[in-house]
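Please read all numbers here as calculations on a predicted model, not as lab measurements. So you know, we letter chains A, B, ... as the sequences are listed, proteins then strands, and number each from 1. Atoms considered below: every heavy atom in the structure, side chains included; atoms not considered: hydrogens, waters and symmetry mates.
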Amino acid sequence: MPHVHVPRGVREHLEDVLARTSLATARAEDPLALPTLLPLGLDRCRIVPLVHDAPRNGAQYQNARRRGGFPTRRRSSGQPHAACQAAHSRLEPRICYEGAPHPGMEKGSMSYPRAWIEEIARYEGQDVELRGWLEARRSSGKLHFLQVRDGTGTIQCVMFKGDVPEEIFEEADHLPLESSIKIRGTVRADARAPIGYELAVKEMEVVSRALPDYPIGRKEHGVAFLMDHRHLWLRSNRQRVIMAVRHTIVKAIRDFFDERGFRLVDAPIFTPAACEGTTTLFEVPYFDLGHAYLTQSGQLYGEAAAMAYGKIYTFGPTFRAEKSKTRRHLTEFWMVEPEVAFMELDEDMDLAEDFLVHIVERVLDKHRRDLERILERDVSKLEAVKKPFPRITYDDAIRILHEMGNETPWGEDFGGDEETLLASRFDRPVIVHRFPAQTKAFYFKRDPNDERLALGMDVLAPEGYGEIIGGGQREDDLDTLIRRLEEHDLPREPFEWYLDLRRWGSVPHAGFGLGLERTVAWICGLHHVRETIPFPRMMERITP
RNA sequence: UCCGCGGUAGCUCAGUCGGUAGAGCAGGUGGCUGUUAACCACCGGGUCCGAGGUUCGAGUCCUCGCCGCGGAGCCA
């Protein structure tokens with residue numbers, strides 16, 4: 001077998017879905033890769049069509065097939081599966097793994113197997129039961145188009161007057177939107193259907209009739225209204241995709257570190273004092289000990305863990321009581337923070353770079369179609385996220401800003417405007433390093449070549465999404481660190497344990513923090529981070 | 001905390017110079033066998049954010065207050 005390239009991500013994706021379900025459907029970016037997937041145990045693959053795809057890969061597909069590269073499942077009749085034939089003629093191929101029954105394929109009502117819309121292609125020509133919610137209805141007298149959503153997707157169900165009992169047809173005409181239903185019929189491919197498949201309805205059963213006034217309509221809504229109805233807004237197609245991308249990013253983050261041997265260490269949420277001192281903390285009563293604070297960073301604990309286990313990451317919620325009312329801020333957000341012993345600033349930047357490239361690749365691999373079609377994201381902007389990222393010093397950045405007419409004086413930190421300006425000079429994330437020490441927290445190590453500078457680095461996302469990563473090398477000398485605490489006017493007592501890390505086997509070490517919500521907003525191309533988390537917590541919003 | 005914008009039907013909004021409160025969607029009724037945010041006809045739907053003021057007359061002008069949104073600072 002000739003050497004063929006396995007597209008990055010396909011293998012991981014298949015393994016991922018196979019771990020989750022035993023019936024997997026995955027896209028193959030490059031049909032030539034299929035033969036190499038066989039050793040993975042995918043020897044029972046078949047090709048199914050994606051009807052709504054443009055036939056742009058048809059020629060490539062045909063070519064691969066002539067070379068005998070495609071495993072094709074045949075029915076017991078010996079005839080190629082109808083879906084395979086369709087794929088052969090004009091459509092982009094999909095890999096479909098046939099294994100043990102899907103956990104969701106438990107027997108549906110009345111002997112119809114239950115199907116999920118996400119995998120509806122699998123059931124073409126078969127009778128199935130869908131369980132979901134009535135999302136929209138278009139009616140044409142003796143013909144209803146019922147748009148049904150089951151959480152994995154939306155499908156058009158076609159109900160002809162003669163095909164169902166009269167009272168069911170009447171019921172379908174008046175059933176309020178968002179009523180929950182079980183609907184049974186035959187899955188068939190049809191170019192007129194929005195997703196290429198539709199259900200020819202034979203039976204419908206109402207599980208719960210909704211009130212007639214579902215608040216979220218088919219037309220536009222204001223942000224405030226939608227936020228008030230966040231619990232219902234999550235049902236929309238757009239929010240479904242955003243939450244799916246968030247999930248993929250979380251998984252990509254975990255996989256990235258797990259595959260590199262990092263230990264996951266959970267930092268506490270209740271902390272005795274400020275980690276960085278300057279920012280505002282949420283204070284909560286704590287028994288006889290007075291007050292505790294909600295963590296604003298797991299980093300100090302991450303450093304302790306790195307001294308114990310070498311390379312670690314923390315991943316959890318973080319709280320900031322800053323009165324920030326901007327599109328980039330939440331009071332509760334998720335942050336992942338790797339920390340590595342014996343690592344210095346340059347390697348820290350290498351790690352951040354590999355990390356972001358990995359995340360973007362995984363999202364593109366899994367969600368390219370949804371990003372383009374539902375979120376209207378320009379994915380070419382994401383495809384540009386390749387190594388190496390430009391690395392500029394703070395001094396360079398100031399020089400560039402001055403060239404562009406921004407007069408930020410040396411020594412000041414960058415605001416949103418400066419970040420956007422800088423990022424606009426590059427087509428991929430840009431790393432800014434070696435900041436003036438006074439702009440950074442007490443624990444940053446100084447640049448041995450210039451005491452005014454801290455060995456910190458920020459990664460600025462393109463397109464004005466701002467700082468998504470902040471990190472750097474930590475001060476590892478005991479006496480210097482004690483001096484820094486004094487300079488920052490911080491109490492020493494709560495930091496004694498932290499100082500211990502420098503008393504017994506101190507080593508150079510570095511790490512960074514990545515804001516999950518900002519990353520999701522950037523990758524999805526969202527205007528505001530509040531859409532990236534199911535129930536955002538903001539300065540003036542704590543419900544729903 | 002500061003600066004800017006806004007608050008009119010269930011939702012999104014229009015409302016001219018101060019002169020009887022409007023549209024689309026949603027809801028209801030009827031029509032239509034391939035719709036794609038379906039379409040067509042008809043119907044119901046209002047504390048114009050609140051309080052006070054100017055005026056013959058205030059959704060509209062003025063003052064104060066409340067709420068929301070965006071931005072700054074700070075940060076991921």
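- Per the geometry, CD belonging to A/Glu419 stands 14 Å off C1' belonging to B/rA72, to the nearest Å.
- B/rA9 and B/rC48 have their P atoms separated by 10 Å, with the value rounded to a whole Å.
- Closest approach of A/Arg230 to A/Met243, counting heavy atoms only: NH2-CE, 3.3 Å.
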Quick one: which protein N/O atoms are closer than 3.5 Å to N/O atoms of nucleotides 41-48 of chain B? Pair and distance per line, please.
none

Taking only N/O atoms, report every protein-nucleotides 24-32 of chain B pair under 3.5 Å with atom names and distance.
from, atom 1, to, atom 2, distance (Å)
B/rG24, O2', A/Lys219, NZ, 2.9
B/rC32, N3, A/Gly141, N, 3.1
B/rC32, N4, A/Gly141, N, 3.2

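- For the pair A/Glu531 and A/Arg238, the salt-bridge criterion is met [side-chain N within less than 4.0 Å of a carboxylate O].
- Both distances falling under 3.5 Å, in either a Watson-Crick or a G-U wobble arrangement, place B/rG70 opposite B/rC3.
- B/rU47: no Watson-Crick or G-U partner with both key distances under 3.5 Å is found in any strand.
- Across all strands shown, the partner of B/rA23 is B/rU12, judged by Watson-Crick or G-U wobble contacts whose two distances both fall under 3.5 Å.
- The same atom, C1', is picked in B/rU20 and in B/rU54; the two are 22 Å apart, to the nearest Å.
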message: Applying ring pair (Phe, Tyr, Trp, His ring centres under 6.0 Å) to A/Tyr123 and A/Tyr197, what does each step give before you reach the verdict?
response: CA-CA 10 Å; A/Tyr123 302 95; A/Tyr197 292 91; over 10 Å; no

Using nucleotides 66-71 of chain B, report all nitrogen or oxygen pairs with the protein that are shorter than 3.5 Å.
from, atom 1, to, atom 2, distance (Å)
B/rG68, OP2, A/Glu540, OE1, 2.9
B/rG70, OP1, A/Arg530, NH1, 2.8
B/rG70, OP1, A/Arg530, NH2, 2.7
B/rG71, OP1, A/Arg327, NE, 2.4
B/rG71, OP1, A/Arg327, NH2, 2.9
B/rG71, OP2, A/Arg327, N, 3.1
B/rG71, N7, A/Lys325, O, 3.4

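- One atom, NZ of A/Lys440, and another, P of B/rC74, lie 12 Å apart when rounded to the nearest Å.
- Using bins of under 30°, 30° to 60° and over 60° for the plane-to-plane angle, the ring pair A/Phe262/A/Phe257 lands in the tilted bin.
- Within residues 516-524 of chain A, the residues having any heavy atom closer than 4.0 Å to RNA chain B are, in order of number, A/Arg518.
- The closest side-chain donor-acceptor pair between A/Gln438 and A/Arg452, if any, does not fall under 3.5 angstrom.
- Counting any heavy atom pair closer than 4.0 Å across all strands shown, A/Glu198 reaches a base atom.
- B/rC74 atom C1' lies 9 Å from atom CG of A/Asp413, rounded to whole Å.
- Base pairing annotation: B/rC61 forms a Watson-Crick or G-U wobble pair with B/rG53, both donor-acceptor distances under 3.5 Å.
- Within 4.0 Å (heavy atoms only), A/Phe225 reaches sugar-phosphate atoms of the nucleic acid but no base atom.
- Between A/Arg474 and A/Glu339 there is a salt bridge, with a side-chain nitrogen of the basic residue lying less than 4.0 Å from a carboxylate oxygen of the acidic one.
- If you check B/rU35 for Watson-Crick or wobble pairing at under 3.5 angstrom, you find it has no partner at all.
- In summary, A/Arg246 and A/Glu517 engage in a salt bridge, as defined by a charged side-chain N under 4.0 Å from a carboxylate O.
- Partners of A/His528 under the ring pair (Phe, Tyr, Trp, His ring centres under 6.0 Å) rule, at least two apart in sequence or in another chain, do not exist in this structure.
- Nearest approach of A/Ser297 to A/Thr318, heavy atoms of both residues: N-CG2, 3.9 Å.
- With both ends at atom P, the span from B/rU35 to B/rA72 equals 48 Å, rounded to whole Å.
- Nucleic acid contact class of A/Arg188 (heavy atoms, under 4.0 Å, all strands): base.
- A/Asp228 has its CG atom 10 Å from the P atom of B/rC11, to the nearest Å.
- In this entry B/rA41 has B/rU29 as its Watson-Crick or G-U wobble partner, both defining distances falling under 3.5 Å.
- Remark: A/Arg235 engages A/Glu178 in a salt bridge, criterion side-chain N to carboxylate O under 4.0 Å.
- Spacing of C1' atoms, B/rG4 relative to B/rU8, comes out at 22 Å, to the nearest Å.
- Counting any heavy atom pair closer than 4.0 Å across all strands shown, A/Gln147 reaches no nucleic acid atom.
- The neighbour count for A/Phe270 CZ, taken as heavy atoms of other residues, nucleotides or ligands under 6.0 Å away, does not exceed 12.
- The CD-C1' distance, from A/Glu418 to B/rA72, rounds to 11 Å in whole Å.
- Mapping A/Pro215 and A/Ala136 onto RNA chain B by nearest heavy atom places A/Pro215 closer to the 5' end of the strand.
- For A/Glu486, the salt bridge (Lys or Arg N to Asp or Glu O under 4.0 Å) criterion is met by no residue, not counting sequence neighbours.
- Separating the CD atom of A/Glu178 from the P atom of B/rC11 is a distance of 18 Å, rounded to the nearest angstrom.
- A/His329 places its NE2 atom 9 Å from the P atom of B/rA76, with the value rounded to the nearest Å.
- By the 30° and 60° cut-offs, the orientation of the rings of A/Tyr498 relative to A/Phe495 is perpendicular.
- Using C1' as the reference atom, B/rC25 and B/rU33 are 26 Å apart when rounded to the nearest Å.
- The pair A/Asp258-A/Arg263 does not meet the salt-bridge criterion, since no charged nitrogen lies less than 4.0 angstrom from a carboxylate oxygen.
- A/Phe414 approaches A/Ala397 most closely through the heavy-atom pair CZ-CB, 3.7 Å.
- Summarising the geometry, the separation between CZ on A/Phe282 and P on B/rC75 is reported as 16 Å, rounded to the nearest angstrom.
- The P atoms of B/rG6 and B/rC61 are separated by 10 Å, rounded to the nearest whole Å.
- Residue-nucleotide stacking is not present for A/Phe145 and B/rG34, judged by a side-chain ring centre under 5.5 Å from the six-membered base ring centre and planes under 30° apart.
- Comparing B/rC13 with B/rG71, their C1' atoms are spaced 24 Å from each other, to the whole Å.
- Nucleotides B/rU47 and B/rC43 are separated by 24 Å at their C1' atoms, to the nearest Å.
- Around CG of A/Leu234, the count of heavy atoms belonging to other residues, nucleotides or ligands within 6.0 Å exceeds 12.
- As judged by a 4.0 angstrom heavy-atom cut-off over every strand, A/His144 is placed among residues making no nucleic acid contact.
- With respect to the salt-bridge test (charged N to carboxylate O, under 4.0 angstrom), the residues A/Arg188 and A/Glu198 qualify.
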